[in-house]
Amino acid sequence: MVQTKKASIRVILGTGGTIAGRATAMADNVGYVAGEVAVSDLLAAVPPLAGLALEAEQIAQVDSKDMTFAIWRQLALRVAHHLERAEVQGVVITHGTDTLEETAWFLQSVLQPRKPVVMTCAMRPATAMVPDGPQNLLDAVAVAGSEDLVGVVVVCAGQVHRAEHVAKVHSYRLDAFGSGDAGPMGCVEEGGVRWFHGLPPAQGGAVVNRFQLDRVASAAVLPRVAVITSHADSDGAVVEGLLMLAEQDPTRRVRGIVVAATGNGTVHVALEKALLQAQASGVRVVRATRCARGRVIPGVRSSFPDSAGLSPVKARLALALDLMAEDSL
Ligand code: SIN
């Protein structure tokens, strides 16, 4: 009988963010520089992690508002590399809160992992008098050890959120994340994980979707997709500007537009006119709602498809990856 090694290692990948932020004063929770403290030092600051089988790797050191496709590509490759190691149980990623939901959705969409990938963060810098990062990191490591969990989740302030649902919903509070109507999928209590919803079934198949990852690995950029908000007194100027730019410089051609639409996917008539022109010229247009909760109900008559419940920023990624797949046909 072939002896399979029990997966026991959890790999912690650092990308920066406030969790790795440094301020000059302990009481300063806002005037800090994000992405300063090495991931190995973040781990060393959490004594209960000592003695666990952990490995640390620094992938990037950025404020997540400055996240790039190049970092995402590298991150996806390293996550895949570690997940494919038989001895690795799961991966934890430390990340800034500001674009965390986008990275979570990117990794989920590209990798469709069959082991846990747990993203975590902090709202206070590592130098704060009472930092939240150490507890979040401890909780994230616990979640990454969950035997039945597959896919990308976010752990913050004791809650576990699915990549598909999670969004940053507060600019300052420690419990800055929510999962909208779906609610969090679970919580972490004293190192134990309590699931509120049934976990998605861990179907067989590859640990990561290499087919999709290879496409991302060989791309220099994501197809350009813009997000435009429909608001009172909108006009078509931004769309017209994008189309003009494409005429002047084809390398900056916009391939898709996600409209963050009002309510149940409605679009200001002046913006809609410009979007119809863009669509007629080959630009893919998708409607997501700008409402913090709810979705665009499918079936409502519109010239533009809806985002299947994804928020505008996640719909942007879904459309970009779809265009990338189309290009490879
Ligand atoms: C960032 O997103 O990198 C800075 C803000 C944060 O992590 O809370």
Side-chain angles (χ1 to χ4, degrees), residues 12-43 45-46 56-76 78-79 91-108 117-141 143-144 152-161 163 165-180 184 188 222 227 292 311-314 316-317:
I12 323 296
L13 304 178
T15 69
T18 296
I19 191 169
R22 208 192 302 272
T24 49
M26 274 176 111
D28 188 354
N29 288 324
V30 290
Y32 57 86
V33 180
E36 291 266 300
V37 182
V39 65
S40 50
D41 292 337
L42 297 181
L43 290 172
V46 188
E57 184 177 325
Q58 195 76 48
I59 302 293
Q61 194 57 293
V62 291
D63 185 319
S64 79
K65 73 178 174 56
D66 300 324
M67 186 51 66
T68 62
F69 174 66
I71 297 175
W72 274 347
R73 190 179 48 207
Q74 173 68 0
L75 182 60
R78 294 311 290 163
V79 171
V91 168
V92 171
I93 301 169
T94 58
H95 195 286
T97 59
D98 284 342
T99 60
L100 189 151
E101 70 219 55
E102 294 175 61
T103 302
W105 185 239
F106 176 81
L107 292 174
Q108 176 60 38
V117 175
V118 184
M119 301 193 61
T120 195
C121 56
M123 289 297 285
R124 292 180 183 160
T127 50
M129 192 158 49
V130 185
D132 53 330
Q135 184 68 52
N136 286 344
L137 189 50
L138 184 64
D139 289 349
V141 170
V143 174
V152 181
V153 298
V154 168
V155 168
C156 182
Q159 293 188 320
V160 189
H161 302 274
H165 301 134
V166 70
K168 186 171 180 180
V169 293
H170 203 281
S171 60
Y172 183 73
R173 270 178 17 195
L174 302 191
D175 58 338
F177 287 87
S179 281
V188 192
L222 270 178
V227 178
S311 67
V313 288
K314 289 182 192 168
R316 186 190 87 86
L317 278 170

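Counting starts at 1 for both ligands and their atoms, in listed order.
Looking at every heavy atom in both residues, F177 comes nearest to E101 through CE2-OE1, 4.4 Å. Of all heavy-atom pairs between V39 and Q58, the closest is N-OE1, 2.8 Å. Closest heavy-atom contact between T15 and T94: OG1-O, 2.7 Å.
Looking only at heavy atoms of the protein, atom 8 (O) of ligand 1 is closest to T97 OG1, 2.4 Å. Of all protein heavy atoms, the one closest to atom 3 (O) of ligand 1 is S64 N, 2.6 Å.
Each of the following atoms of ligand 1 lies closer than 4.0 Å to a heavy atom of T18: 4 (C), 5 (C), 6 (C), 7 (O), 8 (O). Residue A122 approaches ligand 1 through these ligand atoms, each under 4.0 Å from one of its heavy atoms: 7 (O), 8 (O).
Checked by atom type and distance alone, the side chain of N136 pairs as donor or acceptor with a backbone atom of C121 at under 3.5 Å.
The distance criterion of under 3.5 Å between nitrogen or oxygen atoms is met by D63 with respect to ligand 1. Checked by distance only, ligand 1 and D98 come closer than 3.5 Å through their nitrogen or oxygen atoms. Taking distance alone, with nitrogen or oxygen atoms compared against 3.5 Å, H95 stays at or beyond that limit from ligand 1.
Between G35 and ligand 1 there is no heavy-atom distance shorter than 4.0 Å.
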(message) Evaluate V37 against R22 for side chain to side chain contact (heavy atoms under 4.5 Å, CB included), listing each step before the verdict.
(response) CA-CA 7 Å; V37 182; R22 208 192 302 272; 4.1 Å; yes
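Using a 4.5 Å cut-off on side-chain heavy atoms (C-beta onward), L107 and I93 make contact.
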